[in-house]
There are 2 protein chains.
Amino acid sequence: MKTTPDTEEALRLDRQICFSLHTASRAFNGVYRAVLKDFGLTYPQYLVLLVLWEDGELPVKAIGTRLRLDSGTLSPLLKRLEAIGLVERRRSTEDERSVTVRPTPEGAALRKRAHLVPHRIAAATGLSLEEIGDLQERLSALTAKLDGADLDLDPLDGCADPTH
Amino acid sequence: MKTTPDTEEALRLDRQICFSLHTASRAFNGVYRAVLKDFGLTYPQYLVLLVLWEDGELPVKAIGTRLRLDSGTLSPLLKRLEAIGLVERRRSTEDERSVTVRPTPEGAALRKRAHLVPHRIAAATGLSLEEIGDLQERLSALTAKLDGADLDLDPLDGCADPTH
DNA sequence: CACAATTCAATTGCACACAACCCAAAGACC
DNA sequence: GGTCTTTGGGTTGTGTGCAATTGAATTGTG
């Protein structure tokens, strides 16, 4: 790694990682959009249903922890899922701050139809299960790293030389 | 790969790839948000500036092709960049349908300060340049595959057996 | 030249995603 | 009991991201 500023190269290189991740994510989103259209679901709505199918019933807080989403995103999303009759929201009696979400019978029934989704997505990726697993592993590690980064680095030094 | 439906496993496995990609992308976005706050830029705005810094001046259409964004996203974004004085939009004289975007002197000057950004981002990833390059390559390949997928597959068969 | 098809940008509508706030309920503390 | 703090959801505001439409300009074709 050079210590010269090398503005051109840095700006180009940087674009590569973040941009490819950004684009891949949107491309994936597009594929999900197409596949989930038949179910009338968006991709984040599908994610919420996945965790509910697994756990049966969860408070909003727990869904947010699982998906790393806050109430600003989840509240309206859950209201939409409730509006189309797939989930039910009930304020807990023992802790009235908490709202418990669970699939309605229609929401639970959707699970049977939804098991087709992963096959179609996997086919669209064109990757083997092994490659998928590997990529997933790297991305999870990257996310953990990014979440933990505090960014309190000196603007210039301390970056190029980790031993500093 | 088994041919049994295996709903549980399929739904879980599927969650892994798409979810990790989705989460990694948002985590990256969060890091950029923190780093770019000093510049008053969002991450997509930064991407637009990157291509403008490289090419000097581009029609909206070309920016969209580079970043895979359409006018619905770019039009308001560019108006914001114009509002804060970083770019200039001018309707082309030779083709009046086209709008040419280029950095203002302030926008061009920002480039010098922005070369700090990639260092901080790279540091936050905790990855070597080699790992970054490898990941980028996989993601680009994945995006290409996803963009090309037509999804006109049979819902069930035709997935597990590529020779079909 | 006239007319249809295409292209480019902008706009509208909807759904995240996140920061920043508000409020009510629950705990913690004296 | 009476405050103080924390916690869980909700709301608001801003900024994407994308489908669908509009409208003007250009191109293609007879």
Side-chain angles (χ1 to χ4, degrees), chain A residues 18-19 22-34 36-37 39-48 58-65 67-84 87 89-101 143 146-147, chain B residues 18-19 22-34 36-37 39-48 58-65 67-84 87 89-101 143 146-147:
Chain A
C18 65
F19 175 66
H22 190 63
T23 307
S25 176
R26 286 190 294 124
F28 234 124
N29 207 313
V31 173
Y32 271 96
R33 191 194 324 279
L36 292 174
K37 198 165 67 174
F39 299 92
L41 292 175
T42 67
Y43 172 52
Q45 289 168 3
Y46 173 69
L47 288 179
V48 168
L58 283 174
V60 173
K61 174 72 174 180
I63 299 173
T65 303
L67 302 181
R68 295 166 186 271
L69 291 172
D70 71 354
S71 65
T73 301
L74 282 177
S75 286
L77 190 156
L78 290 171
K79 287 175 76 172
R80 276 172 222 121
L81 282 180
E82 188 178 39
I84 59 179
V87 305
R89 292 186 307 152
R90 225 185 51 237
R91 197 159 284 273
S92 167
T93 49
E94 64 230 22
D95 185 344
E96 296 222 349
R97 292 170 304 179
S98 176
V99 170
T100 302
V101 184
T143 300
L146 292 175
D147 280 346
Chain B
C18 64
F19 176 65
H22 189 63
T23 307
S25 176
R26 285 192 294 127
F28 234 125
N29 208 312
V31 173
Y32 271 97
R33 191 193 325 278
L36 292 174
K37 196 164 68 175
F39 300 92
L41 292 175
T42 67
Y43 172 52
Q45 289 167 5
Y46 173 68
L47 287 180
V48 167
L58 283 174
V60 174
K61 174 72 175 181
I63 299 173
T65 303
L67 301 181
R68 295 166 184 273
L69 291 171
D70 72 352
S71 65
T73 300
L74 283 177
S75 285
L77 189 157
L78 290 170
K79 285 173 78 171
R80 276 172 221 122
L81 282 180
E82 187 178 41
I84 59 180
V87 305
R89 293 185 307 150
R90 227 185 52 237
R91 198 159 283 274
S92 168
T93 49
E94 63 229 21
D95 186 342
E96 296 221 348
R97 293 170 305 180
S98 176
V99 169
T100 302
V101 184
T143 300
L146 292 174
D147 279 347

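Values in this document were obtained by computation on a predicted structure and should not be read as measured data.
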Quick one, [X] and [Y] - any side-chain contact, counting heavy atoms below 4.5 Å?
{"X": "A:T100", "Y": "A:L58", "value": "no"}
{"X": "A:E96", "Y": "A:S92", "value": "no"}
{"X": "B:V48", "Y": "B:Q45", "value": "no"}

Sugar-phosphate or base contact per nucleotide [nucleotides 3-15 of chain D; S, B, -; heavy atom under 4.0 Å] | ----BSSBB---S
Under 3.5 Å, side chain of A:R91 to main-chain N/O of A:V99, donor-acceptor pair present?
-> no
State whether A:R89 and A:E82 are salt-bridged, where the test is any N-O pair (Lys NZ or Arg NE/NH1/NH2 against Asp/Glu carboxylate O) under 4.0 Å.
-> yes
Identified side-chain contact (heavy atoms from CB on, under 4.5 Å) partner of B:I63 from the options B:L69, B:L77, B:L74 =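 Going through B:L69, B:L77, B:L74 one by one, the side-chain contact (heavy atoms from CB on, under 4.5 Å) with B:I63 is satisfied by B:L74 alone.
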Atom [atom1] of [X] and atom [atom2] of [N]: how far apart are they, to the nearest Å?
{"X": "B:D147", "N": "D:dC18", "atom1": "CG", "atom2": "C1'", "value": "14 Å"}
{"X": "A:R26", "N": "D:dA19", "atom1": "CZ", "atom2": "P", "value": "11 Å"}
{"X": "B:L69", "N": "D:dG17", "atom1": "CG", "atom2": "P", "value": "6 Å"}
{"X": "B:L47", "N": "D:dT16", "atom1": "CG", "atom2": "P", "value": "10 Å"}

Under 4.0 Å from any heavy atom of chain A: name the first and the last nucleotide of DNA chain C that qualifies, 5' to 3'.
->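 That gives a stretch of C:dA15 to C:dA26.
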Output yes when at least one side-chain N/O atom of A:H22 is less than 4.0 Å from OP1 or OP2 of D:dT16, else no.
-> no
Whichever of A:D70 and A:E94 has its nearest DNA chain C nucleotide further upstream toward 5' =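 With A:D70 and A:E94 compared, the 5'-side residue is A:D70.
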State whether the number of non-hydrogen atoms from other residues, nucleotides or ligands found under 6.0 Å of B:R68 atom CZ is greater than 12.
->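 No, because the 6.0 Å sphere around CZ of B:R68 holds 12 heavy atoms or fewer from other groups.
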Any residue meeting ring pair (Phe, Tyr, Trp, His ring centres under 6.0 Å) with B:Y43, in chain and number order, not counting sequence neighbours =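 A:H22, B:Y32.
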